[in-house]
Amino acid sequence: FSVWLEDWSAVQVGSDGMRLLANAQGQAGPVALDLTLRQTRLPLLQGNRGLDQKGPEPGNASYYYSLTGLDTSGVITSAGRPIEVTGVSWMDHEFGTSALSGDAVGWDWFSLQLDNGAALMLYAIRRQDGSLDRAKGALAWPDGNQSALTADDFTLEVTSEWTSPKTGFRYPGSWRITLLGQDAALEVTPLIPDQEMEVSFVYWEGAVDVTGTWGGAPVSGAGYVELTGYGEQSGAYQR
């Protein structure tokens with residue numbers, strides 16, 4: 001495959017890899033990435049074998065899979081300075097034609113990769129009053145074992161909040177995730193509080209640190225969180 005937008009691109013490399021290229025002009029100088037990602041694990045199929053129901057209406061669903069544990073290397077340029085990097089990446093691909101239903105206003109989405117080999121995706125769709133419309137997820141292990149998660153399998157608790165100094169919007173600032181069937185308790189904290197995105201609409205999206213226990217043993221990792229619908233029309237949340 002080869003996907004591009006002007007000079008930004010994602011191009012297949014061999015049978016199990018892709019190369020990402022992008023660049024822009026930042027306030028302090030050029031910013032860019034040139035990364036090669038190699039697939040090391042089976043795709044994580046969200047929902048029912050990749051078809052994820054988003055609402056009660058017929059057809060309100062999307063096709064959704066994730067590539068976790070992507071072995072990554074390349075160069076990131078910050079303020080004109082190239083930095084060689086290695087790490088582990090996560091790619092989500094979700095596509096469909098439906099939208100949020102009823103009085104749903106946004107979602108909280110988590111992708112977490114832990115040092116015990118677990119790859120965990122969770123999301124919760126929120127209503128106007130801050131209650132949850134639905135919550136789901138998926139758990140995968142390096143041996144290919146995967147399991148779908150429902151709202152009965154986990155709890156998501158907001159443990160602090162953060163208010164944007166630019167927009168005044170109030171977001172969750174940290175979380176405690178409990179996986180009831182895994183004896184797992186995870187504390188999720190942003191690497192930096194201000195990762196608010198001011199694009200065509202304002203939302204919060206950024207990198208997080210994970211610590212906690214799993215099966216009685218310490219566990220740690222890294223992840224990514226996306227928060228939408230916390231603007232002027234929906235500042236409240238509850239768990």
Which atom pair, heavy atoms only, marks the closest approach of L42 to G144?
CD1-CA, 4.1 Å
Residue pair Q146 / L44, side-chain heavy-atom distance below 4.5 Å:
yes
Closest non-hydrogen atom pair between L156 and A124, with its separation:
CD2-CB, 4.4 Å
Can a donor-acceptor pair be found, under 3.5 Å and without considering hydrogens, that links the side chain of S164 to the backbone of T167?
yes
Side chains of T178 and L180: closer than 4.5 Å at any heavy-atom pair?
yes
Do Y203 and F201 have ring centres separated by under 6.0 Å?
yes
Apply side chain to side chain contact (heavy atoms under 4.5 Å, CB included) to L139 and N145, showing your working.
CA-CA 8 Å; L139 173 64; N145 185 32; over 6 Å; no
Distance alone, cut at 3.5 Å: any donor-acceptor contact between the side chains of D52 and Y123?
yes
Is there a donor-acceptor pair under 3.5 Å between the side chain of S9 and the backbone N or O of V3?
no
Tell me if the CD atom of E84 is crowded by more than 12 foreign heavy atoms within 6.0 Å.
no
Between G168 and T163 the two heavy atoms that sit nearest each other are O-CG2, 3.7 Å
Are I177 and W162 connected, step by step, through hydrophobic side chains (Ile, Leu, Val, Met, Phe, Trp, Tyr) whose heavy atoms are closer than 4.5 Å?
yes
Close side-chain approach of V85 to L35, heavy-atom, < 4.5 Å:
yes
Measure the CG-CG distance between L186 and L114 for me, rounded to the nearest 0.5 Å.
6.0 Å
How close do Q195 and A207 get, counting heavy atoms only, and between which atoms?
OE1-N, 2.8 Å
Between CG of L179 and CG of L149, what distance do you get to the nearest 0.5 Å?
6.5 Å
So which atom in A119 and which in R41 form the shortest heavy-atom distance, rounded to 0.1 Å?
CB-NH2, 3.7 Å
Q53 side chain to E57 backbone, donor-acceptor under 3.5 Å
yes
Does V208 reach the side chain of L112, with side-chain heavy atoms less than 4.5 Å apart?
yes
Nearest 0.5 Å, what's the OG-CG distance between S62 and L51?
7.5 Å
Under a plain distance cut-off of 3.5 Å, with no hydrogens placed, do T211 and E187 share a side-chain donor-acceptor pair?
no
With ring centroids as reference points, do F169 and W204 lie under 6.0 angstrom apart?
no
Under a 4.5 Å side-chain heavy-atom rule over Ile, Leu, Val, Met, Phe, Trp and Tyr, are L67 and Y64 clustered together?
no
Under a 4.5 Å cut-off applied to non-hydrogen side-chain atoms, are V75 and I83 in contact?
no
How far apart are the C-alpha atoms of E196 and V202, what are their side-chain angles, what is the distance that settles it, and do they pass the side chain to side chain contact (heavy atoms under 4.5 Å, CB included) test?
CA-CA 7 Å; E196 189 178 44; V202 179; 3.4 Å; yes
All N/O donor-acceptor pairs, side-chain side in residues 19-34, below 3.5 Å, sequence neighbours left out:
from, atom 1, to, atom 2, distance (Å)
R19, NE, D34, OD1, 2.9
R19, NH2, D34, OD1, 3.3
R19, NH2, D34, OD2, 2.7
N23, ND2, D7, OD2, 3.4

Give the minimum heavy-atom separation between L37 and S89, together with the two atoms involved.
CD2-CB, 3.8 Å
Is it true that D209 and T189 share a donor-acceptor pair across their side chains at a distance under 3.5 Å?
no
Can you find a pair of side-chain heavy atoms, one from Q12 and one from M18, that are under 4.5 Å apart?
no
Pair T68, M121 - check side chain to side chain contact (heavy atoms under 4.5 Å, CB included), show working.
CA-CA 10 Å; T68 68; M121 189 284 292; over 6 Å; no
Using modelled atom types only, decide if a donor and an acceptor are shared between the side chain of D115 and the backbone of S220 within a distance under 3.5 Å.
yes
Please list all pairs meeting ring pair (Phe, Tyr, Trp, His ring centres under 6.0 Å) that have one or both residues in residues 205-225, counting only residues at least two apart or in different chains.
W141-W214
Quick one about Y65 and D92 (side-chain donor to acceptor, distance below 3.5 Å, no hydrogens or angles considered), yes or no?
no
For the CG atom of D153 and the NZ atom of K136, what is their distance to the nearest 0.5 Å?
12.0 Å
Applying a strict under-4.5 Å side-chain criterion to I, L, V, M, F, W and Y, I'd like to know whether Y63 and W109 cluster together.
no
Give, for atom CH2 of W90 and atom OG of S66, the distance between the pair rounded to the nearest 0.5 Å.
5.0 Å
Relative to Y230, does R126 satisfy both conditions: NZ or CZ under 6.0 angstrom from the six-membered ring centre, and within 45 degrees of the ring's axis?
yes
Decide whether L120 and F110 are clustered together by the hydrophobic rule: side chain heavy atoms of Ile, Leu, Val, Met, Phe, Trp, Tyr closer than 4.5 Å, transitively.
yes
Hey, mind stepping through L70 and Q39 against side chain to side chain contact (heavy atoms under 4.5 Å, CB included) and telling me if it holds?
CA-CA 5 Å; L70 293 168; Q39 188 174 337; 4.0 Å; yes
Following the transitive rule for hydrophobic clusters with a side-chain heavy-atom cut-off under 4.5 Å over Ile, Leu, Val, Met, Phe, Trp and Tyr, establish whether M91 and V88 coincide in one cluster.
no
